[in-house]
Structures are given as C-alpha cells and as structure tokens.
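All heavy atoms count here, side chains included; hydrogens, waters and symmetry mates do not.
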Amino acid sequence: MHKPRNTPVAIISPCYNAAAFIPHTWETLLHQSRQDFIWVVTDDASTDNSVALLQEIAQNDDRLMLLQNEQNKGAAVSRNRCIETALAQGCTYLAFLDIDDYWKPAKLETSIRFLEEKNAHFSFHSYQKGKNGSGSIIHAPEIVTYESIVRTNSVPTSTVVIRAEIVGDTRMRNELRWNQDYVFWMDLLRKGYKACGFDEALTIYNVGHKSLSSNKLNKALRQWRILRDYTEFGLFSRLRFFFVYMFFGTFKYLK
C-alpha cells in the first residue's frame, strides 16, 4: 500500500500494450502547466515492454504510481484499481487519460479552474481528432445530464475531470469490456450531478489506435445493450433513445 500523499490531482490511466505511446504521453504530462499530480497507471498484463517503460519513468519520478494485473482483466478493472489508489491517496480531483491520447499543456489547469469557477463536480471539454492534432475538432456541449447522456455519449474519457468526492462507492462495471467509462458517467449523473463542458480542444484523441471501437455496427450493438441492461427506462423509451443515438451518432462520427 502506498503511503497517502494528499496530492490534489490523480491522473487515471489503464495500460495495455501501449509502449508506442507511453513516452509521448508522459512528455505531455511533464509539460502540463499544473504539476501537482500523480499518474496512477494499471498495466493490464501487457505483452510488450510497457511495464519496463513505466518502471523506468517511476524510478526517475515518483509521481508515477504503477499497478499491475497478473492477468488481463480489462479496462474497467484497471481503472477501478487506479480510482481506489487515488482515493486512498486523498486526491481531490480525478482526471481520466487513455494512455494513447495526449493533453495540451493547459489541460489540467484549465479543467480544474473551470470546475472551481462553475462550482461544478464533473467537467469535460472539446477534443481534436488525429495523432498530431491535425483532425477535426469535436465541440463539447455546455451541459450533459443523465437523460442526455443516455441518448448519446458526448463525454470522451480523456477530457474528463471530476471531484473525487462524488465517486462514493460508484465504480466502473467490471463485466464491461467496452464502454465501461460511458456507463460510469451515466451512474454518476444518475445521482443528480451535471457534467459541465467547455469549448477548448485540450485533448488530442488518437482515433487510429481505437479502430477496434470505431466499427459503427459494433458501436450500435453495444449502445443497445447499455440501454437494455444499464438503464431503468421502458422498452419504448429505450427504442427512442436508440434511434436518437443512431441519428446523431452518424453525424458525429462522420465529422
């Protein structure tokens, strides 16, 4: 067990075979204008040299806290281990970062300042597609509620910062190999919180590396399963939400 540090910000990252991205991602964290963070990474039994790279970073900078799964258990289990560690460390804010995405230097400072200025509990922002930030910008809405996120997920993981106090006993659903972050947002917003968005593209979303999640048929099937298994709405409402998802989702992913 790591001794509590009471560092304000915990960056939450699952890792699986991400050796190609770790050095650049760490470099973008070192360039953050706000440096009072720990980077909590759970490696999910990677078969490349991800662990060696992370261990090397940790030897030189103790802000990286590396956890390891003995067997591959999926992103939900890995993120939950990170969340548990961050809470045990007494962190005030949880910032979520997929290890193949990148942050611009003002990401943490701007997100936390926005939370404080809005007296909000949950923030997210716009993002830019493409490894080098050369793709289109997807603009964040100002407010996302439980009902609106059920219709379509407009809260990308690597843009989110939440206050640790709202988590309570809510965790990502370990049984979900996909969309566990989406259902986690739903579970938090179901409590009555609102997600507040701002229109600054501070995250570079690496679309190419996420090709497994980009098949539109698979995404639609997963969306229906989420509506069926993780919401309390009746069949008519689920069908209505699903058709709204299909309509708006088509346009979102064509951008």
Side-chain angles (χ1 to χ4, degrees), residues 1-2 10-18 21-22 25 38-48 50-51 54 64-91 93-101 121-122 124 144 146 149-150 152-153 155-193 195 209-215 218-233 238 241 245:
M1 177 67 68
H2 297 281
I11 302 168
I12 306 297
S13 297
C15 175
Y16 178 70
N17 288 351
F21 305 98
I22 289 168
T25 300
I38 54 174
W39 188 24
V40 189
V41 181
T42 298
D43 182 79
D44 197 20
S46 292
T47 58
D48 64 2
S50 291
V51 170
L54 292 166
L64 195 159
M65 303 179 69
L66 176 61
L67 312 172
Q68 294 178 251
N69 295 335
E70 294 183 2
Q71 298 177 332
N72 183 270
K73 296 183 178 181
V77 172
S78 299
R79 286 193 177 108
N80 282 336
R81 290 194 68 189
C82 292
I83 291 170
E84 294 285 353
T85 298
L87 295 177
Q89 292 296 307
C91 296
Y93 307 100
L94 306 181
F96 294 82
L97 175 63
D98 284 349
I99 213 161
D100 57 334
D101 294 334
H121 293 89
F122 185 138
F124 65 104
V144 170
Y146 174 59
I149 204 171
V150 168
T152 184
N153 182 17
V155 181
T157 303
S158 295
T159 73
V160 172
V161 177
I162 63 175
R163 294 185 189 268
E165 64 185 349
I166 75 171
V167 173
D169 59 359
T170 304
R171 297 293 183 270
M172 297 198 181
R173 308 292 185 109
N174 287 337
E175 70 273 15
L176 288 174
R177 282 281 179 162
W178 297 101
N179 296 114
Q180 68 282 149
D181 46 353
Y182 176 29
V183 175
F184 184 59
W185 312 146
M186 287 171 51
D187 288 340
L188 291 176
L189 297 180
R190 189 186 280 114
K191 295 179 177 181
Y193 298 111
H209 188 60
K210 304 176 196 294
S211 58
L212 288 176
S213 66
S214 64
N215 181 288
N218 287 338
K219 290 178 72 68
L221 290 173
R222 290 198 294 269
Q223 180 69 15
W224 174 249
R225 291 177 187 134
I226 288 170
L227 289 170
R228 182 190 65 193
D229 298 337
Y230 296 98
T231 71
E232 68 279 13
F233 298 103
R238 290 173 186 169
F241 288 140
Y245 164 83

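- At least one donor-acceptor pair under 3.5 Å links the side chain of Lys191 to the backbone N or O of Val167.
- Contact record, Leu227 with Arg238: O-NE, 3.2 Å, taken as the closest heavy-atom pair.
- Using a distance-only test at 3.5 Å, with no hydrogens or angles considered, a donor-acceptor pair links the side chain of Ser13 to the main chain of Leu97.
- Taking 4.0 Å as the cut-off between side-chain N and carboxylate O, Asp98 and Arg79 count as a salt-bridged pair.
- The environment of CD in Gln71 is sparse: at most 12 heavy-atom neighbours from other residues, nucleotides or ligands sit within 6.0 Å.
- In this structure, Arg163 and Tyr93 have side chains that are in contact, with non-hydrogen atoms separated by less than 4.5 Å.
- Note that CZ of Arg177 and CZ of Arg222 are 13.0 Å apart. Values are rounded to the nearest 0.5 Å.
- Atom OH of Tyr146 is separated from atom CG of Leu189 by 9.5 Å, given to the nearest 0.5 angstrom.
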**Request:** Just do the side-chain contact (heavy atoms from CB on, under 4.5 Å) check on Met65 and Trp39 with the steps written out, would you?
**Result:** CA-CA 6 Å; Met65 303 179 69; Trp39 188 24; over 6 Å; no

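- Shortest non-hydrogen contact noted between Cys91 and Ala10 is SG-CB, 3.6 Å.
- Summarising the geometry, atom CD1 belonging to Ile226 is positioned 14.0 Å from atom CZ belonging to Phe241; distances are rounded to the nearest 0.5 Å.
- The heavy-atom pair separating Ser46 from Cys15 by the smallest distance is OG-O, 3.9 Å.
- The minimum heavy-atom distance linking Val160 with Pro156 is given by the pair CG2-O, 3.4 Å.
- Asn72 contributes no side-chain N or O that, together with a main-chain N or O of Ala45, makes up a donor-acceptor pair within less than 3.5 Å.
- Screening Asp43, Asn69, Thr42 against Ser78 for a side-chain hydrogen bond (donor to acceptor under 3.5 Å, both in side chains) leaves a single residue, Asn69.
- Put simply, CE on Met186 and OG1 on Thr170 are 12.5 Å apart, with the number rounded to the nearest 0.5 Å.
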**Message:** With side-chain contact (heavy atoms from CB on, under 4.5 Å) as the criterion, how do Ile83 and Phe96 come out once you've worked through the C-alpha distance, each side chain's angles and the decisive distance to 0.1 Å?
**Reply:** CA-CA 10 Å; Ile83 291 170; Phe96 294 82; 4.2 Å; yes

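- Taking the six-membered ring for Trp and thresholds of 30 and 60 degrees, Tyr193 and His121 have ring planes inclined between 30 and 60 degrees apart.
- Between the Arg173 side chain and the Asn179 main chain, no donor and acceptor come within less than 3.5 Å of each other.
- To the nearest 0.5 Å, the span separating CG on Asn174 from CE on Met172 amounts to 10.5 Å.
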**Asked** Under the side-chain contact (heavy atoms from CB on, under 4.5 Å) criterion, do Val144 and Trp185 qualify, and how do the steps go?
**Response** CA-CA 10 Å; Val144 170; Trp185 312 146; over 6 Å; no

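- The OH atom of Tyr245 lies 9.0 Å from the CG atom of Asn153; values are rounded to the nearest 0.5 Å.
- Of all heavy-atom pairs between Ile99 and Thr25, the closest is O-OG1, 2.7 Å.
- Smallest separation of non-hydrogen atoms from Val150 and Tyr182: O-OH, 3.3 Å.
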